[in-house]
Amino acid sequence: MDQRTEIASMGEFGLIEHLTRNIQFQNASTLLGVGDDGAVIDHLGRQTVVSTDLLMEGIHFDLSYTPLKHLGYKSVVVNLSDIYAMNARPTQILMSIAFSNRFSVEALDEFYAGVYAACEAYDVDLIGGDTSSSQKGFVISVTAIGEVAPDKYVKRSTAKPNDLICVSGELGAAFLGLTLLERERKIFEETGAQPDLEGQAHIVGKLLKPEARKDIIEYLSEAEILPTSMIDLSDGLSSDVLHICKQSQTGCVLYEEKFPFHDDMKNFAYKLQLDPTACALSGGEDYELLFTVAQADYEKIASNPAISIIGYMTPESEGKNIITRAGNKHELIAQGWNHAKS
Ligand code: ADP
Ligand code: MG
């Protein structure tokens, strides 16, 4: 990126036109997109799910190690993950950005290349947004819209005792990717040494280029499984399980030995003398789906290698617990577990 085109040379409207010039709709439900005061969507008898996220530079992302294209991709994907977590299919997004004069047209083009790559990967239409300058830093707000068959959306509040607790994919890798990139950033600031990410493509990729679990929602639909509750994992397994327990007024038992870990994740955790289980419980940004199903769905769930059954729900009076590999029972708390109890 050698060329630098000042955004001021295009003006706000010129910039919006430039950034949105190639949009082609993928969804019949998208009737009107960018260019008017509002977009128009017709979900043809399906129900509409809406979700929004705000991402602030320095709080949610660090541009010193996040390529703008990845940031564009990720800011869309994390919103789509919320729509999937409602058991819906995302169809449209709105993208609002604010940026200081440190950003050039070329920089925003990179960001939008990532946005459009995510739209293509997930068959979503970009139908609008807003554009502003900021005094300092980059601000991103994404609103995602999705559709679901009438009353097939899945809430956090409807899990029942004895339901199985299921999680897609693997846990804790994004947290370790973040730990690695933060460590390398500090070393670079102190010594000027170039980052050493050798052999850590998996955990770095999980942080910088997460994917939303479209495949899991499609599987559940094909297998005719309607989860009894669902949430996407953004804040760490323990905090997100506790959200379901609280809203469903249940307890839970998790089994440490059932937690899905990637080998690269485990090896890097051991290298840092961290416990992979603690990384899974407290680390965030996995964007996997955590859901509960009735016991009757056990066979269907167990036959899918992308889904792990990690525990079950209990009556609220039995508390929220994790059974360790050694067979000890600990109380689950938002940051992981409470060793004090046993
Ligand atoms: P208004 O003054 O009504 O807010 P804008 O000039 O901000 O209108 O936006 C014009 C059109 O461009 C609208 O359709 C809006 O949704 C879209 N738009 C604005 N900013 C962006 C952006 N950053 N990305 C995509 N679409 C945008
Ligand atoms: Mg506007």
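In each ligand, atom 1 is the first atom listed, and ligand 1 is the first ligand listed.
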Main chain of [Y], side chain of [X]: is a donor-acceptor contact present, judged purely on distance under 3.5 Å?
| X | Y | value |
| --- | --- | --- |
| Asp275 | Thr277 | yes |
| Lys320 | Leu254 | no |
| Ser157 | Gln247 | no |

inquiry  = If we only consider heavy atoms of Leu19, is any one of them less than 4.0 Å away from an atom in ligand 1?
reply    = no

I'd like to check which ligand 1 atoms, numbered from 1 as shown, lie under 4.0 Å from a non-hydrogen atom of [X].
| X | answer |
| --- | --- |
| Asp36 | 13 (C), 14 (O) |
| Gly128 | 16 (O), 25 (C), 26 (N), 27 (C) |
| Met95 | 22 (C), 23 (N), 24 (N) |
| Asp37 | 3 (O) |
| Thr20 | 25 (C), 26 (N) |
| Phe13 | 6 (O) |
| Val34 | 12 (O), 14 (O), 17 (C), 26 (N) |

inquiry  = Parallel, tilted or perpendicular, judged at 30° and 60°: which one describes the rings of Phe138 and Phe61?
reply    = perpendicular

ask   = With sequence neighbours left out, what residues match His262 under ring pair (Phe, Tyr, Trp, His ring centres under 6.0 Å)?
value = His202

Answer with side chain, backbone, both or neither: which part of [X] has a heavy atom less than 4.0 angstrom from an atom of ligand 1?
| X | result |
| --- | --- |
| Asp130 | both |
| Thr131 | both |
| Tyr112 | side chain |

query = Would a 4.5 Å heavy-atom cut-off, applied to side chains only, mark Met230 and Asn87 as touching?
reply = yes

task = Could you tell me whether Glu184 and Lys186 make a salt bridge, using a distance below 4.0 angstrom between a side-chain N and a carboxylate O?
result = no

query = When you look at Lys266 and Asp264, which way does the salt bridge (Lys or Arg N to Asp or Glu O under 4.0 Å) test go after all the steps?
reply = CA-CA 6 Å; Lys266 274 197 288 193; Asp264 291 358; over 6 Å; no

query = Heavy-atom distance to atom 16 (O) of ligand 1: which of Gly35, Gly33, Ala98, Gly129 wins?
reply = Gly129

